[in-house]
Every structure is written in structure tokens, then in C-alpha cells.
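As a basis for the values below, the full set of heavy atoms in this structure was taken, side chains included, without hydrogen atoms, waters or symmetry mates.
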Amino acid sequence: MMITPVHRFRDIERKPEYLQPEKCVPPPSRASLGTMWFIRDGCGIACAVVTWMLVFYADFVVLLVMLVPSRDYVYSVINGTLFNTLAFLALASHFRAMLTDPGAVPKGNATKEFIESLQLKPGQVVYKCPKCCSIKPDRAHHCSVCKRCIRKMDHHCPWVNNCVGENNQKYFVLFTMYIALISLHALIMVGFHFLYCFEEDWTKCSSFSPPTTVILLILLCFEALLFLIFTSVMFGTQVHSICTDETGIERLKNQKPTWEKISGWEGMKLAFGGAFSLGWFNPFSNLNCRSPVPAEAAAAAPASAILTQEEIEQFLTRDVAVPVLHE
């Protein structure tokens, strides 16, 4: 008998209650599951609400302080339309990133019946998460906020009150991109408006009093500058992660890749759901970004390659990996 060596770090809490196989009840059927995904986290909900309020504040200042009082009708219409379109796309991307399942592994599927249905082959290794009692796929990590294992989890972002994972990374990238664009646009308009007010009478360049106008513009300038820097950095790191096929957690742990990397343009096409098109920039388009399962992986394993009852029982009492034994 030979055991395939396994040396892999798993950052898990080893609590006895998570190791009891009787705790692993079968997951609910797909028919009983709703399509809504929402994390009930107070901090995340507060951050998401603050995000929307800041976008609405920026839109208020742009429209009522800068554009509506402007004498240049064409300038106001063009900039107002552009800013509100980008703001709408940013909020739509935020909405999709927040309410899209990031790639959660079915909870409680580490049951004897499920493991038997996998028909594992010799040398194949499976991992069990002791926190959510599920079979953990490769590159999946457990999120303590979502309380689920997430496939290709990059990080948990409180601003979208969700994990950034396999299924919603596109929406998170679009959110950071559109926020960076409206922040840059707002900064440019604030600069032009200050110049306009210096050249004209301050009482004529805004519907508000001069002190109120200055305070509102300074606050918008500070907000736009802060979010421009933050979202630009996040956008860059996300695109880099996609192009290198390495999540933030994997890079932080300096984890050596055990998977076949899909780098560069192919990684972008996989993350955004197909070949380059306008759909890449559309937060309402659905994703079809999962890699096809090889035929040999989908084929049933021979009876001699399936885990025995003894090996399944051994697996259910462990909190890490168990390799399939073969002679």
C-alpha cells in the first residue's frame, strides 16, 4: 500500500465540534435554494450603505452645485449625462458584486453518500473544511464572515459586503473601475468650477452661498481624491491577479501553484465570461466563466479506484486531507 504524500498548509481552527461527522448534515437540495445571496454582516451592510451615500452625495454636488447653475448648457448636459451614466454603472456593479454568489461550496456536503458519489481515483486528494463541514475544492478558502468556503477567493471586501471570488470578480473589477472614473471626472469638474468661480462672482456660480459652495466642493474633492487612489489600486491588483491567475490569498501566503495557470489574456476572457466585447463592461451580463470539465475527469472511476467504507470513515473524522490509497 502506498500513500500519496500531501504537504499543504490549511489555515483552519481545529475545534472538536467541527470534526464530528454527525454534525455534517446533507446540504439542502438545489430546488429549495433561492437565487438571492446576501451576507448579514453589520459592518459590511454599513459600509455598503456608506458607499451608496457617498456616490449620491457626489451626484448631488455635481448636479446642483456645479452643472445646473452653469450658463453653458452643452457643457452641463454632456458632463451631467456622462457622470450619471458612470455612477449608475458603478452602483449596478456594486449591486451585482454584493448579491452574486462568489462561488460558495455547498455547506455540509462532507457526508458519506457524497464522498461515495465522487468515485475518487488513486492518488486523488480531497480536503474537508472543519468549519462548514464541506468538501473543499482546490484553491477554495474559508471566509469567516461569509461562513462558507469560497472558490478562488481573493479577499472579503466590506465595501461590497461580500467575498470576491470566482463568480463575482468581474463585477468587483467593474465597480472599482467605474468608481475611479467618476472620481477622476468629479476632480476635473471641481477644478474647472473653482476657476470659473474665481473669474466670476461667487454669488453667480452656484445656487448656494459662497461658504456653503466652498465646503461642498472641498468635501467632494477630498472624497474623489481618496476614492480615486483606493479604487485605482484595487483595480490594478485585481487585473494583475486575473492575468497571473493568482488570488490575493495565494499571493499573501506565497503559495506554490498546484494548478495549471491560465495567464494573460486568456485569464481575462475566463474572468469576464468570453471573448472581448462590450459585455465586459456591462454589469448586467451574466458570466459563463467556468472551465469545462475534462472528459476523463467526468468519467466514472473503476470500482477498484473508489474509496472504501473504511477510508471514508477515516476521512470523516479528519479535518484535513486524505489521499486515495492504491496498491
Side-chain angles (χ1 to χ4, degrees), residues 10-15 17-18 23-25 27-28 30 32-58 87 89-110 128-137 139-180 223 226-227 230-231 233-235 237-238 241 247-253 271 283-284 286-287 319:
R10 288 291 179 181
D11 184 16
I12 56 176
E13 291 181 13
R14 304 178 184 275
K15 295 183 179 179
E17 58 267 24
Y18 291 114
K23 298 272 187 182
C24 296
V25 296
R30 288 186 175 273
S32 64
L33 295 176
T35 56
M36 176 66 73
W37 171 274
F38 182 74
I39 302 301
R40 294 175 177 85
D41 175 57
C43 177
I45 294 173
C47 289
V49 171
V50 168
T51 300
W52 281 62
M53 290 179 62
L54 290 174
V55 174
F56 288 142
Y57 170 78
L89 291 173
L91 294 180
S93 301
H94 182 273
F95 189 79
R96 291 301 302 272
M98 180 172 60
L99 299 183
T100 298
D101 181 349
V105 178
K107 194 173 184 178
N109 67 351
K128 170 189 168 187
C129 176
K131 295 184 179 180
C132 57
C133 207
S134 62
I135 301 297
K136 184 181 292 187
R139 305 186 70 184
H141 296 274
H142 186 88
C143 175
S144 59
V145 179
C146 297
K147 295 180 175 59
R148 298 286 290 275
C149 286
I150 308 297
R151 295 190 301 271
K152 290 184 69 174
M153 174 182 170
D154 187 87
H155 68 287
H156 184 92
C157 179
W159 296 105
V160 298
N161 189 34
N162 202 0
C163 277
V164 177
E166 182 180 72
N167 294 345
N168 68 341
Q169 189 171 31
K170 168 190 173 178
Y171 306 127
F172 183 76
V173 172
L174 291 180
F175 167 66
T176 57
M177 182 185 73
Y178 287 129
I179 289 293
E223 174 195 341
L226 182 65
F227 274 86
F230 176 73
T231 54
V233 171
M234 289 302 301
F235 175 79
T237 57
Q238 288 299 301
S241 295
T247 66
I249 292 179
E250 292 163 351
R251 185 167 57 252
L252 184 64
K253 291 184 176 181
F284 299 101
N286 292 321
L287 294 177
D319 62 342

Do T231 and Y178 touch side chain to side chain, with heavy atoms closer than 4.5 Å?
no

Would you give the length of the straight line joining atom SG of C163 to atom CZ of R151, rounded to the nearest 0.5 angstrom?
12.5 Å

In chain order, what residues pass the salt bridge (charged side-chain N to carboxylate O under 4.0 Å, His left out) check against E250, with sequence neighbours excluded?
R139

I'd like to know if the side chain of N161 reaches the main chain of I39, judged simply by a donor and an acceptor atom lying under 3.5 Å from each other, with no hydrogens or angles considered.
yes

With sequence neighbours left out, what residues match F172 under ring-ring contact (aromatic ring centres under 6.0 Å, His included)?
H155

Do side-chain atoms of N168 reach the backbone of Y171 as a donor and acceptor pair under 3.5 angstrom?
no

Mind checking side-chain hydrogen bond (donor to acceptor under 3.5 Å, both in side chains) for D154 and listing every partner two or more places apart, or none if nothing turns up?
Q238

Considering non-hydrogen atoms only, spot the tightest contact between D41 and G44 and give its length.
OD2-N, 2.8 Å

Counting N and O atoms only, with roles assigned by atom type, does the side chain of N162 sit under 3.5 Å from a partner on the main chain of A97, one being a donor and the other an acceptor?
yes

Hey, could you give me the CZ/CZ distance between F95 and F284, rounded to the nearest 0.5 Å?
9.5 Å

Just to verify, what does I249 make a side-chain contact (heavy atoms from CB on, under 4.5 Å) with, not counting sequence neighbours?
H141, M153, T247, K253

Minimum heavy-atom distance H156-P158, with the two atoms named
O-CD, 3.6 Å

According to side-chain hydrogen bond (donor to acceptor under 3.5 Å, both in side chains), who are the partners of T176, at least two apart in sequence or on a separate chain?
none

So, taking the atom named NZ in K107 and the one named SG in C133, what distance separates them when rounded to the nearest 0.5 Å?
10.0 Å

Would you compute the distance between atom CZ of F38 and atom CD1 of I45 and round it to the nearest 0.5 angstrom?
4.0 Å

Can you find a side-chain donor-acceptor pair between W159 and H94 that sits under 3.5 Å?
no

Supply the atom-to-atom distance C149 SG to K131 NZ, rounded to the nearest 0.5 angstrom.
9.0 Å

Return the set of residues passing side-chain contact (heavy atoms from CB on, under 4.5 Å) with A104 (not counting sequence neighbours), or none when no residue passes.
W37, D101, R148, I150

Under the side-chain contact (heavy atoms from CB on, under 4.5 Å) rule, collect the residues that match up with P283, sequence neighbours excluded.
L89, A92, S93, L174

Reported OG-to-CE distance for the pair S241 and M234, which is rounded to 0.5 angstrom
8.5 Å

Name all residues meeting the side-chain contact (heavy atoms from CB on, under 4.5 Å) criterion together with V233; count only those two or more places apart in sequence or in a different chain, and write none if there are none.
T237

Which atom names give the shortest non-hydrogen contact between A271 and K170, and what distance separates them?
O-CB, 3.7 Å

